[in-house]
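FYI, side chains are in, hydrogens and waters are out, and symmetry mates aren't considered; it's all heavy atoms of this structure.
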Amino acid sequence: MRILIDGQTLRTPEINRGIGVYFKKTVEGILASDLTNDFFIIGTPPDELTHFSPWFRQQLHCVAPDAHEFTKASDERSNQAYSDLINETISREQIDIYWSPNPLMLNVFLPANGNSGCCFAATIFDLIPAAMENHFRKHWPSQTLRQYKERLRLLERDYDLFLHISQYTQSDVRRMLRVDGKRHVVTPLAADEFFRPYPFPKIPVERDYILYPGGFDPRKNMDRALQAFAAMKRKYSGEPGVAETDLVIVCHKEAASESEMLKRASRLGIADHLRLTGFVSNAELVALYQKARCLFFPSLYEGFGLPVLEGLACGLPVAASNCSSIPEVAGSLACYFDPLDVESMSGALYAAFNAPVDFESRRRRYDYAKQFSWQRTALATLQAFSDSNHAPRPAPVAATASL
């Protein structure tokens with residue numbers, strides 16, 4: 001096979017978190033596992049390949065090195081020029097598979113398929129703006145929402161293979177888009193190897209804390225999280241450690257949102273037990289996981305819910321929402337709750353707070369988390385490419401405008 005990888009992700013702010021980590025780990029895993037196929041990369045200048053080690057860079061043929069110039073502008077003319085270049089490259093290099101690892105982020109171009117002989121593949125992380133359209137209609141400019149919907153229609157029409165990061169994402173895509181005739185493969189994410197339990201008995205901290213990798217996005221359920229934490233402290237204030245326990249929220253700080261949150265915390269009587277970290281490095285994040293009493297993850301919607309897996313990899317007890325992809329990720333190792341029910345949330349949080357954290361318990365969570373690995377993600381992706389390359393192409397479908 002001759003596989004063309006779209007490298008625009010290397011030039012985005014997400015390169016060191018989330019989508020960027022998935023991209024780098026999956027590409028490296030594919031290259032390390034396959035020495036028979038040819039791999040090309042486009043949409044990024046050669047100097048951006050320094051995100052990969054020298055050996056991996058040697059395995060990638062950088063084609064159209066000036067293609068990234070098109071991506072400096074976000075107008076429709078540049079998008080069309082980039083799309084034309086992709087299809088010209090596919091024809092010239094006789095590409096079998098084109099892969100867009102980041103098709104729904106609006107800071108990259110999504111090319112149309114002008115080559116009927118080439119399989120177009122895309123990785124889908126979630127359909128959050130479509131699933132929560134009422135919210136995004138209020139907070140996104142109308143043009144931005146229109147562009148997002150156009151991408152969904154393009155995926156419906158021109159893409160043949162969909163790589164989903166969870167079964168839940170796959171079910172959402174099948175339910176919301178007209179893609180039943182296409183190929184679908186689940187390629188789950190993984191926690192990096194540096195997420196692991198502290199190797200000795202619990203690290204001493206000044207005060208116990210519950211870790212909440214949250215955010216001010218409504219789907220992160222911040223208001224109910226604060227209410228549930230306050231309810232747990234009220235209900236179990238006589239229990240050892242509960243009264244002095246803090247809630248540590250790891251998220252990017254926004255001045256207006258932070259101010260409003262602190263006001264709500266004050267009204268709930270928990271302002272003195274609330275800490276916001278702002279942005280943290282990977283090393284700081286691992287330390288926060290390792291020192292925490294438990295992980296609290298009350299999200300309303302996740303394409304995967306990677307913090308849950310990271311927490312388990314660090315040996316943490318987890319209290320998590322019972323919706324979207326989260327039970328798929330945490331399995332039987334989380335204390336689940338209804339994220340719309342504060343009483344349910346506080347009860348599960350208290351259960352996780354008191355869950356065992358002895359060596360064997362932490363090891364069991366770590367071993368479970370390591371069942372998810374980037375190598376498995378890479379191998380599943382490579383197998384999907386191979387299977388799709390030998391499968392007949394489905395007939396094109398008319399895109400729906402119902403979203």
Is there a salt bridge (Lys or Arg N to Asp or Glu O under 4.0 Å) between R365 and E360 once you walk through the steps?
CA-CA 9 Å; R365 297 177 188 118; E360 288 302 322; over 6 Å; no

Taking all non-hydrogen atoms of both residues into account, name the closest pair between [X] and [Y] and its distance.
X    : Y    : answer
C335 : A352 : SG-N, 3.9 Å
E302 : S299 : OE2-OG, 2.7 Å
I165 : T169 : CG1-OG1, 4.1 Å
L155 : P103 : CD2-CB, 4.2 Å
L274 : M261 : CD2-CE, 3.6 Å
M222 : I249 : SD-CD1, 3.8 Å

Assess the pair [X] and [Y]: is the distance between their ring centroids shorter than 6.0 Å?
X    : Y    : result
F297 : F337 : no
Y22  : F125 : yes
F162 : H184 : yes

Checking side-chain hydrogen bond (donor to acceptor under 3.5 Å, both in side chains) for the pair E14/N107: CA distance, chi angles, key distance, verdict?
CA-CA 10 Å; E14 293 82 17; N107 55 1; 3.1 Å; yes

Given the rule in the salt bridge (Lys or Arg N to Asp or Glu O under 4.0 Å) test, do D246 and R275 qualify, once you have shown the distances and angles that lead to the verdict?
CA-CA 7 Å; D246 291 340; R275 287 187 276 154; 3.5 Å; yes

CA sep, side-chain torsions, deciding dist, call: R17, F279, side-chain contact (heavy atoms from CB on, under 4.5 Å):
CA-CA 12 Å; R17 289 288 174 93; F279 176 83; 3.7 Å; yes

Hey, can you tell me if H61 and F40 have their rings parallel, tilted or perpendicular (30° and 60° cut-offs)?
tilted

Give the C-alpha distance, both sets of side-chain angles, the deciding distance and a yes or no for side-chain hydrogen bond (donor to acceptor under 3.5 Å, both in side chains) between N37 and D34.
CA-CA 7 Å; N37 297 305; D34 185 288; 2.6 Å; yes

Evaluate salt bridge (Lys or Arg N to Asp or Glu O under 4.0 Å) for R2 paired with D38, printing each intermediate quantity in order.
CA-CA 5 Å; R2 296 169 72 82; D38 295 317; 3.3 Å; yes

Can you find a heavy atom in the side chain of [X] that is under 4.5 Å from one in the side chain of [Y]?
X    : Y    : result
Y289 : L316 : yes
R362 : D358 : no
V27  : F52  : yes
I326 : Y168 : no
T89  : I86  : no
I30  : F39  : yes
C314 : P197 : no
L340 : R224 : yes

What I want to find out is whether [X] reaches [Y] closely enough, with some N-O distance under 4.0 Å, to be called a salt bridge.
X    : Y    : answer
E133 : K149 : yes
E150 : R146 : yes
K220 : D217 : no
R174 : D180 : yes
R264 : E260 : yes
E156 : K182 : no

Does anything in residues 43-52 form a salt bridge (Lys or Arg N to Asp or Glu O under 4.0 Å)? List the pairs, not counting sequence neighbours.
none

Under the salt bridge (Lys or Arg N to Asp or Glu O under 4.0 Å) definition, can you give me all pairs with a residue in residues 328-356, not counting sequence neighbours?
K235-E343

Please tell me whether [X] and [Y] have a donor and an acceptor in their side chains that are separated by less than 3.5 angstrom.
X   : Y    : value
W99 : T381 : no
R11 : T44  : no
D6  : Y82  : yes

Enter the distance from [X]:[atom1] to [Y]:[atom2] here, rounded to the nearest 0.5 Å.
X    : Y    : atom1 : atom2 : value
E310 : L211 : CD    : CG    : 10.0 Å
C323 : R219 : SG    : CZ    : 11.0 Å
Q147 : L110 : CD    : CG    : 12.0 Å
K233 : L268 : NZ    : CG    : 12.0 Å

Kindly say whether P298 contributes a backbone atom to a donor-acceptor pair with the side chain of N221 at under 3.5 angstrom?
yes

Donor-acceptor contact below 3.5 Å, side chain S83 vs main chain N79:
no

Hey, mind stepping through F23 and N102 against side-chain contact (heavy atoms from CB on, under 4.5 Å) and telling me if it holds?
CA-CA 8 Å; F23 176 66; N102 188 10; over 6 Å; no

Check step by step if side-chain hydrogen bond (donor to acceptor under 3.5 Å, both in side chains) holds for E284 and S281.
CA-CA 5 Å; E284 291 169 324; S281 67; 3.2 Å; yes

Do F385 and Y98 pass the ring pair (Phe, Tyr, Trp, His ring centres under 6.0 Å) test, and can you show the C-alpha distance, the side-chain angles, and the key distance before you say yes or no?
CA-CA 9 Å; F385 289 163; Y98 162 78; over 10 Å; no

Worked verdict on K25 versus E193 for salt bridge (Lys or Arg N to Asp or Glu O under 4.0 Å):
CA-CA 11 Å; K25 292 290 187 179; E193 59 278 0; 3.7 Å; yes

Determine whether L349 and M345 satisfy the following criterion, side-chain contact (heavy atoms from CB on, under 4.5 Å), listing intermediate values before the conclusion.
CA-CA 6 Å; L349 185 57; M345 293 168 70; over 6 Å; no

Can Y209 and K291 be said to form a side-chain contact (heavy atoms from CB on, under 4.5 Å), step by step?
CA-CA 8 Å; Y209 63 87; K291 296 177 183 179; 3.1 Å; yes

Is it true that, when you exclude R363 itself, more than 12 heavy atoms of the residues, nucleotides or ligands shown sit nearer than 6.0 Å to its CZ?
no

Using a 6.0 Å cut-off, check whether atom CD of Q375 has over 12 heavy atoms from anything other than its own residue.
no

Derivation and outcome, side-chain hydrogen bond (donor to acceptor under 3.5 Å, both in side chains), residues D223 and Q227:
CA-CA 6 Å; D223 285 351; Q227 293 176 49; 5.7 Å; no

Run through F229, Y350, F353 and flag the one making a ring-ring contact (aromatic ring centres under 6.0 Å, His included) with Y236.
Y350

